[in-house]
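These notes are about the structure you will find just below.
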Amino acid sequence: MGEPLHVEVTGEGRPIVLLHGWGMHAGVFQDLSEQLAPRHRMLAVDLPGHGESEVFDQFNDLAKLTAHIIEQLLPLVQTGFTLLGWSLGGLLAQAMAIRYPQYINKLVLLCSSPLFQRRDDWPHAVEADVLRSFAAELQRDYRGTLARFLALQFLGSENQKETLRRARTLLFARPQPDPATLEQGLQLLNHTDLRQQLSQIQCPVLVLNAEHDTLVPPGAGRYLAEHVANGRAVIIKGAGHAPFLSHRQILTNFLERFLDEY
């Protein structure tokens with residue numbers, strides 16, 4: 001691996017930290033970072049065990065993982081920052097905003113949820129078998145499994161084929177994630193439930209969900225916005241699970257308005 005926590009820094013201005021989703025790396029935010037860099041200092045993080053970041057053996061321990069990320073970030077940001085988390089990265093971003101409110105000025109949750117596994121009292125998620133199947137398949141066929149995972153994420157997007165092609169190009173351009181980290185990440189998705197802690201998030205929160213997201217239905221975003229202290233929910237029409245690839249300009253417009261208001 002490389003650095004303890006590899007962070008790609010571009011642009012100048014108010015800092016925005018980007019956390020990617022399961023099995024990905026900071027490179028998936030390349031286009032979004034380039035668009036926002038003229039006005040913002042973009043810090044795209046390779047989560048531990050992904051991209052160029054070293055493995056963190058306790059990736060499935062939410063408290064220790066978020067502490068590790070914050071510890072590595074603070075020398076780079078120092079002052080308060082906006083935190084944007086996509087999918088699994090959004091779950092980590094919620095936990096960081098709960099545990100370290102003194103560092104986070106604003107929170108953007110993109111296609112994320114406080115609970116990723118469907119339960120009797122939580123319909124806004126996929127069935128547990130969907131996530132468990134990835135864990136079993138990873139050992140047999142890493143590239144094929146992630147390719148299928150990508151296809152599921154972009155199902156229903158208006159630009160599905162083009163978006164999927166772009167995502168595959170970005171994903172496989174860098175080292176594959178650590179297999180043990182991927183399994184631990186799935187454990188986080190399977191077992192973490194932050195619903196009862198959302199009221200502790202006091203900073204302004206923009207919750208962005210996608211109309212055709214098959215992994216995180218828009219209902220999860222509405223719940224998030226209603227249960228934090230200062231949240232608003234937006235649904236991006238025609239988008240699948242990765243609107244920063246398929247609907248980048250629309251997403252950027254929402255982000256810029258939110259950032260300018262606070």
Side-chain angles (χ1 to χ4, degrees), residues 1-34 36-37 40-110 112 135 138 142-143 146 149 170-192 194 203 244:
M1 281 290 179
E3 306 164 63
L5 194 70
H6 178 74
V7 182
E8 299 177 359
V9 182
T10 57
E12 296 292 339
R14 295 172 295 177
I16 302 177
V17 173
L18 307 173
L19 303 180
H20 61 77
W22 177 85
M24 309 297 168
H25 52 66
V28 298
F29 290 126
Q30 177 181 318
D31 298 340
L32 181 63
S33 290
E34 290 176 356
L36 291 171
H40 304 279
R41 185 167 178 250
M42 308 301 297
L43 298 97
V45 175
D46 277 341
L47 293 177
H50 297 72
E52 302 294 340
S53 288
E54 291 181 357
V55 169
F56 182 71
D57 291 336
Q58 295 170 301
F59 194 93
N60 57 349
D61 186 318
L62 189 61
K64 292 180 179 178
L65 174 60
T66 53
H68 174 71
I69 294 171
I70 282 287
E71 178 184 332
Q72 297 292 315
L73 278 175
L74 287 182
L76 298 174
V77 289
Q78 297 179 356
T79 58
F81 56 90
T82 295
L83 180 60
L84 183 153
W86 169 53
S87 197
L88 171 62
L91 187 68
L92 301 182
Q94 293 168 61
M96 291 165 68
I98 291 167
R99 291 173 168 81
Y100 305 101
Q102 67 271 34
Y103 300 127
I104 299 169
N105 292 338
K106 309 177 190 72
L107 185 64
V108 180
L109 302 175
L110 178 58
S112 192
L138 278 173
Y142 164 77
R143 291 181 67 91
L146 287 193
F149 182 72
L170 290 172
L171 177 60
F172 295 122
R174 302 194 182 187
Q176 70 182 52
D178 171 63
T181 299
L182 288 175
E183 292 187 13
Q184 290 179 329
L186 284 172
Q187 292 172 24
L188 277 182
L189 292 173
N190 271 314
H191 302 302
T192 303
L194 296 178
C203 66
F244 55 89

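Because only heavy atoms are used, hydrogens play no part in the values below, and waters and symmetry mates are left out as well, while side chains stay in.
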Note to self: In this structure, is the centre-to-centre distance between the rings of His50 and Phe59 below 6.0 Å?
What the structure shows: yes
Rounding to 0.5 Å, atoms CG (Leu43) and CD1 (Ile16) come to a distance of 9.5 Å
Q | Pair His6-Ser53, side chain to side chain contact (heavy atoms under 4.5 Å, CB included): steps then yes or no | A | CA-CA 5 Å; His6 178 74; Ser53 288; 3.6 Å; yes
Distance col, row Leu47:CG vs Thr181:OG1, nearest 0.5 angstrom, shows 10.0 Å
Sorted by chain and residue number, the side chain to side chain contact (heavy atoms under 4.5 Å, CB included) partners of Asn105 (sequence neighbours excluded) come out as none
**Request:** Could you tell me whether a side-chain N or O of His25 sits under 3.5 Å from a main-chain N or O of His20, the two making a donor and an acceptor?
**Result:** no
Minimal heavy-atom distance between Val77 and Pro15, with the atoms involved, is CG1-CB, 4.3 Å
Do Ile104 and Val17 come close enough that some side-chain heavy atom pair is under 4.5 Å? no
(Q) Can you confirm whether Leu36 sits close enough to Thr10 that some side-chain heavy atom of one is under 4.5 Å from a side-chain heavy atom of the other? (A) no
Scanning both residues in full, the closest heavy-atom pair of Leu62 with Thr66 reads O-OG1, 2.8 Å
- request: Would you indicate whether the side-chain heavy atoms of Lys106 and Cys203 approach each other to under 4.5 Å?
  value: no
So CD of Glu71 and OH of Tyr100: to nearest 0.5 Å the spacing works out to 9.0 Å
Rounded to the nearest 0.5 Å, the CG atom of Asp57 sits from the CG atom of Leu65 at a distance of 11.5 Å
Rounded to the nearest 0.5 Å, the OG1 atom of Thr82 sits from the CE atom of Met42 at a distance of 9.5 Å
Nearest heavy-atom approach of Gly21 to Ser87 is CA-CB, 4.2 Å
Can you tell if the side chain of Leu83 reaches within under 4.5 Å of the side chain of Tyr103, non-hydrogen atoms only?
no
Heavy atoms from other residues, nucleotides or ligands near CD of Glu34 exceed 12 (cutoff 6.0 Å):
yes
For Phe56 and Lys64, the nearest pair of non-hydrogen atoms, with its separation, is CZ-O, 3.6 Å
### Message
Would you call the rings of Phe29 and Trp86 parallel, tilted or perpendicular, taking 30° and 60° as the class edges?
### Response
perpendicular
Check: Glu8 and Ser33 side chains under 4.5 Å, non-hydrogen atoms: no
The reported gap from CD in Gln58 to CG in Asn60 (rounded to nearest 0.5 angstrom) is 8.0 Å
Nearest heavy-atom approach of Thr192 to Leu91 is CB-CD2, 3.8 Å
### Message
Are Trp22 and Leu186 packed together at the side-chain level, in the sense that at least one heavy-atom pair is separated by less than 4.5 angstrom?
### Response
yes
Shortest non-hydrogen pair, Ala93 vs Leu19, comes out as N-CD1, 4.2 Å
Side-chain donor or acceptor of Gln94 paired with backbone N/O of Gly90 under 3.5 Å:
yes
Item checked: Minimum side-chain heavy-atom gap Met96-Leu73 below 4.5 Å -> yes
